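What you see is a predicted model, and the numbers here were worked out from it, not measured in a lab. One-based numbering, in listed order, for ligands and for the atoms of each.
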Amino acid sequence: MYYNQQDNPVREAERSEMAPPEKKAGRAWPAAAPRRRKRMESRNGVERSAYFARREAAKVLRSALQGDARRRAVGSIKSLVYSPSVRNKKATFALVCQTLKHLPLLKEVLAATNILSGKWKRQEELVYVIAYDVLFGQDIAMSGPVEKFLMFRKNELQSALAKLYVKEKVKSVESLLLEYQTPVSSKPRYVRVNTLKMDIDTAMHELGKATTVMKDDLVPDMLVVPTGTDLHDHPLVMNGSVFLQGKASSMVAVALCPKPGWQVLDACAAPGNKTAHLAALMRGQGKIIACELNEERVKVLRTSITKSGAHNVDIIHGDFLKLDTKDPKFSKVCAILLDPSCSGSGISAERLDNLLPSYSQDNDIDAAKSQRVKKLAAFQRKALVHALSFPAVERVVYSTCSIHQTENEDVIKSVLPFAASRNFELATPFPQWPRRGLPVFEGSEHLLRTDPTEDVEGFFIALFVRKQFKKKILRRKTREIYLPFGKISAMWMRDITIKRRKRWTMLDSRMII
Ligand SMILES: C[S@@+](CC[C@H](N)C(=O)[O-])C[C@H]1O[C@@H](n2cnc3c(N)ncnc32)[C@H](O)[C@@H]1O
């Protein structure tokens, strides 16, 4: 019940929809004593930054929830928060995570109070964020029209929440949350040093001022920092000297092993972590062609590349499947990194996907999910066959951040005949790594898996290498080789000149008996 125009928050919200708090209040402090005035001004600053953080959080939440509903995310929650357009990243990130954790609870409370009906539905995400703050957040003054509206109905919200306590037979909000929220596991942090901008020892020294840092024992440019270390606004992260990239994800570019001066194609490149890693491994020499289909993600890719300081990356905004393998601009591409869209089942907790509504549904082995995974696998297979079709390519890495066999071993198995027809065989990336492919076909021991629990992220890596044909011919223990013009002995074969051996490499292996 609203008593007058001034007290009616709905009307006020209509008048000043998104006006920042102090403008709307339009108050000055002439009468206040200087100390009191200073206190009020600083409180105004806190309110002001909370006001904007809530709106930034609502924007991120909208993208995350819409993407989740369509099962086609523009980016993970983290990448959305850490995009350049979000100013107050720390507060926004905290608010997004908290709101998502409480979302099922908030939905129940808001449904019970009928608050999301009518015009407020259009600002649904902002209502969630503010309702979280009103019910569970810090006890700070709230400025802003939606804030005032929800504060006005705070009693109703609280009594709806109290009814949930009774319904769930719990006494504390913690117990109530346990009934609703999905647990988030704690994990160590990995940091990849961008050796284009900083050497590893300097990065260790600089990061060591903020936290304990160790070198990783497997990936050369990888540092390990303690669980829970928050480096997202560290100067080295901000200026691209280090990337907050996981270890398993960083193993992909290392598995391709690109050399300075090579031409490398990154087939599905955004947001560009692996592209930037390739550029660092190639010491900025040679050329990287980075292809990305999604326009929004091309922008993110461009930002990552600029931040990395790599100057040898050409970005193609287009469909990798439609790149013409015979186009002269790809004639020297000798290595391809293919990290196609996948279910993300191996890193869903790291990306905070477990906070999204679809997560629990996605983790049920239901028909919809297997259909989605099958569709992804069909694309992944096509993309891998296409990658193996580039004329000069010698090495192809296929990777996913999925734990499903359908997207991993099954895709590899299905392309093996084609790969063999192009003279490719599976090689063993990181031979010392203990976790290999599921034993579903002969040769799956070449494949590499990382475990989402043991290794933080669940990744899959397969490496195809074109056979070194000439060496194979010379190593074969055959006595005679049949050629269209007769047969020659193996002894004679050893004596032929280097020049001739080169020509031998052109012959088809089927001629060898
Ligand atoms: C798993 S992400 C790649 C992550 C990236 N390699 C990295 O490490 O930062 C897959 C990307 O492939 C893109 N993509 C999907 N289909 C594609 C296609 N047909 N051609 C090019 N890019 C595609 C998606 O938009 C998405 O950005």
* Asked: Between the side chain of R189 and the main-chain N/O of L244, is any donor-acceptor distance below 3.5 Å?
  -> no
* Any donor-acceptor pair under 3.5 Å linking the side chain of R422 with the backbone of F418? -> no
* Asked: Given L100 and Y128, is the side chain to side chain contact (heavy atoms under 4.5 Å, CB included) satisfied, shown in steps?
  -> CA-CA 9 Å; L100 278 170; Y128 291 143; over 6 Å; no
Below 3.5 Å, N or O to N or O, backbone or side chain included: is there any such pair between [X] and ligand 1?
X	result
N294	no
N273	yes
G272	yes
L321	no
F379	no

Minimum-distance protein heavy atom relative to [atom]:
atom	value
atom 27 (O) of ligand 1	R297 NE, 2.5 Å
atom 2 (S) of ligand 1	A270 O, 3.6 Å
atom 8 (O) of ligand 1	K274 NZ, 2.8 Å
atom 19 (N) of ligand 1	D319 OD1, 2.7 Å
atom 22 (N) of ligand 1	L293 N, 3.2 Å
atom 10 (C) of ligand 1	D339 O, 3.5 Å
atom 15 (C) of ligand 1	S341 OG, 3.2 Å
atom 11 (C) of ligand 1	E292 OE1, 3.6 Å

Can you find a side-chain donor-acceptor pair between [X] and [Y] that sits under 3.5 Å?
X	Y	value
T195	D221	no
N408	T400	yes
E407	S343	yes

* What part of A383 sits under 4.0 Å from ligand 1 if we count only heavy atoms: the side chain, the backbone, both or neither? -> neither
If you count the atoms of ligand 1 from 1 in the order shown, which ones are under 4.0 Å from a heavy atom of [X]?
X	result
P271	4 (C), 7 (C), 9 (O)
G318	20 (N), 21 (C)
P340	1 (C), 10 (C)
A269	5 (C), 6 (N), 7 (C), 9 (O)

* **Minimal non-hydrogen separation, P391 against R466, with atom names** => O-NH2, 3.3 Å
* **Lys/Arg-Asp/Glu bridge criterion (N-O < 4.0 Å) met for R192, D216** => no
* So, E292 and R302, do they make that salt bridge, N to O below 4.0 Å? -> no
* For ligand 1, is S249 a contact, meaning one of its heavy atoms is under 4.0 Å away? -> no
* S304 near ligand 1, heavy-atom distance under 4.0 Å? -> no
* To do: Begin from the C-alpha positions of K247 and D217 and carry the test salt bridge (Lys or Arg N to Asp or Glu O under 4.0 Å) through to its verdict.
  => CA-CA 11 Å; K247 174 171 169 168; D217 49 8; 3.7 Å; yes
* **Ring geometry between F460 and Y398 (parallel below 30°, tilted from 30 to 60°, perpendicular above 60°)** => perpendicular
* **Intermediate values then yes/no, salt bridge (Lys or Arg N to Asp or Glu O under 4.0 Å), E124 and K121** => CA-CA 5 Å; E124 189 178 343; K121 184 83 187 148; 3.3 Å; yes
